[in-house]
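What follows is a single structure, written as structure tokens, with notes after it.
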Amino acid sequence: MVRGLLGKIAGRSLSVAGKWQNQQLRRLNIHEYQGAELMSKHGINVPKGVTVGSVDEVRKALRDVFANQSEVVVKSQILAGGRGLGTFKSGLQGGVHIVKADQVEDIAGKMLGNILVTKQTGSQGKVVSKVYLCEKLSLVNEMYFAITLDRKSAGPLIIACKKGGTSIEDLAEQHPELIIKVPIDVFTGITDEDAAKVVDGLSPKVADRNGCIEQVKKLYELFCKCDCTMLEINPIAETSDKQLVAADAKLNFDDNAAFRQKEVFALRDPTQEDPREVTAAKADLNYIGLDGEIGCMVNGAGLAMATMDIIKLHGGTPANFLDVGGNASEGQV
């Protein structure tokens, strides 16, 4: 589910006899509203927002939080990108809407409990059980910001672009000169010079430069303290009151850090994940669900890969990758 340019940088691929299937490993994925709350705790500017799960909660939020707002941003919450251009199976177009306050209840009601299909969900789509209501900010400039792990520099890599709010992948292909990459020394940490390079890449028009530098440093601090594997904000924006604001939030976390990030991993939403993978994770099995018809249970990752290749070679398609490991118990099997 890694969106945009990070799909090329942070994605890991699994080859099945010549057929490439992107598999994002070692990461917990959380909802946008959860990411915004986490950012806010670390001093990062985010829009005021409330998460609702029913029409009654929508009414309460409008009364208590958005009483003086003429317009509200209504965002469906699923663990997949492309929501804005998605389509609900009910026929509603788009999973993100900016509407008048008196239309919020109607739009949110049409989203809740319905299935949203995007380019990342597959044709089956995902059920929207939460909707994120946000204040509509007066944005004067939209940019792109991300932090990921880079094998080449063996550490975190900050990616910045002065154009955001659109497909960063298309932009990188058409105008690669706009993409700024700043590798960070994992031992030294981010310096003022590093943060300044990032801000230069963002090229803010009205926001205070020193304030932007501090926001970049806080984002890097969040990335490290919470054991993120990816942090993406598209767009990171400037407001009319000269603030740099994270108008979006996409965060992934290293599963290996679950033992020390209990608060973060408590945010996991298993209802948005492949139920087969959820069951396998509870049994501590290395499992990836695929779309074939032949199930595989193999001892050893290399042998599992070879088995899948053989299946494909003889005209079949594997239904899964499963390495049970050398110490699997009877219960796991």
Side-chain angles (χ1 to χ4, degrees), residues 1-3 6 9-14 22-44 46 51 77-80 129-130 146-151 153-158 184-190 217-233 246 249-289 297-302 304 320-333:
M1 295 182 183
V2 178
R3 295 176 300 189
L6 298 189
I9 296 175
R12 295 183 61 184
S13 296
L14 179 64
N22 288 331
Q23 301 294 337
Q24 307 307 326
L25 306 178
R26 294 179 56 244
R27 61 100 185 95
L28 162 72
N29 192 6
I30 64 174
H31 289 287
E32 176 191 2
Y33 75 90
Q34 296 169 323
E37 290 172 359
L38 195 59
M39 287 183 180
S40 180
K41 289 179 181 178
H42 284 77
I44 298 155
V46 297
T51 310
Q77 297 295 285
I78 60 171
L79 295 181
S129 57
K130 295 284 186 181
I147 310 177
T148 187
L149 296 174
D150 180 43
R151 289 186 178 183
S153 62
L157 179 74
I158 300 181
I184 307 298
D185 188 312
V186 70
F187 298 106
T188 303
I190 190 168
K217 291 167 71 175
K218 286 179 180 179
L219 285 164
Y220 179 80
E221 181 181 328
L222 165 63
F223 182 87
C224 294
K225 282 190 173 181
C226 293
D227 290 298
C228 294
T229 56
M230 187 199 71
L231 183 158
E232 184 185 38
I233 305 171
K250 171 76 172 177
L251 292 92
N252 291 165
F253 305 86
D254 191 335
D255 286 340
N256 294 315
F259 73 97
R260 66 183 181 195
Q261 299 290 348
K262 298 188 186 304
E263 183 178 348
V264 170
F265 277 77
L267 302 176
R268 185 188 292 273
D269 183 359
T271 66
Q272 291 282 310
E273 300 175 10
D274 186 325
R276 299 172 299 173
E277 295 184 12
V278 172
T279 302
K282 291 179 180 178
D284 196 25
L285 294 172
N286 187 11
Y287 178 93
I288 300 171
M297 183 171 67
V298 189
N299 184 1
N320 64 278
F321 168 89
L322 172 58
D323 170 20
V324 298
N327 297 316
S329 65
E330 182 180 347
Q332 287 176 300
V333 173

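These values consider heavy atoms only, across backbone and side chains, with no hydrogens, waters or symmetry-generated copies.
One N or O on the side chain of Q272 and one on the backbone of L79 form a donor-acceptor pair closer than 3.5 Å. Within the 3.5 Å criterion, the main-chain N or O of E32 finds a donor-acceptor partner in the side chain of Q77.
Residues L251 and V264 fail the side-chain proximity criterion, which asks for heavy atoms closer than 4.5 Å. Side chains of L219 and H42 form no contact here, defined as non-hydrogen atoms less than 4.5 Å apart. Looking only at side-chain heavy atoms (C-beta outward), D255 and L28 come within less than 4.5 Å of each other. For the pair L231 and M39, the minimum side-chain heavy-atom distance is below 4.5 Å. Counting heavy atoms from C-beta outward, K41 and E263 have side chains that approach closer than 4.5 Å.
In terms of heavy atoms, D323 sits closest to G300 at OD1-N, 2.8 Å. Nearest heavy atom pair, residue F253 against residue T229, reads N-OG1, 3.9 Å. Residues A154 and V186 approach most closely at O-CG1, 4.5 Å, considering heavy atoms. Across all their heavy atoms, A36 and A249 have their closest contact at N-CB, 3.8 Å. Between P156 and F223, the closest heavy-atom pair is CB-CE2, 4.1 Å. Across every non-hydrogen atom of Q34 and L267, the tightest pair is NE2-O, 3.1 Å.
Going from atom CZ of R260 over to atom CG of D227 covers 4.0 Å, rounded to the nearest 0.5 Å. Once rounded to the nearest 0.5 Å, the distance linking CD of Q261 with SG of C228 reads 8.0 Å. Within the model, atoms CG of L38 and CD1 of I44 stand 8.0 Å from one another, a figure rounded to the nearest 0.5 Å. Taking CZ from R268 and CG from N29, the interatomic distance works out to 9.5 Å, rounded to the nearest 0.5 Å. Note that the CZ atom of R151 and the CG atom of L157 stand 14.0 Å from one another [nearest 0.5 Å]. Considering SG of C226 and CD1 of I30, their distance stands at 8.5 Å, rounded to 0.5 Å.
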Would you check, one step at a time, whether the test side-chain contact (heavy atoms from CB on, under 4.5 Å) holds for D254 with L149?
CA-CA 11 Å; D254 191 335; L149 296 174; 5.8 Å; no
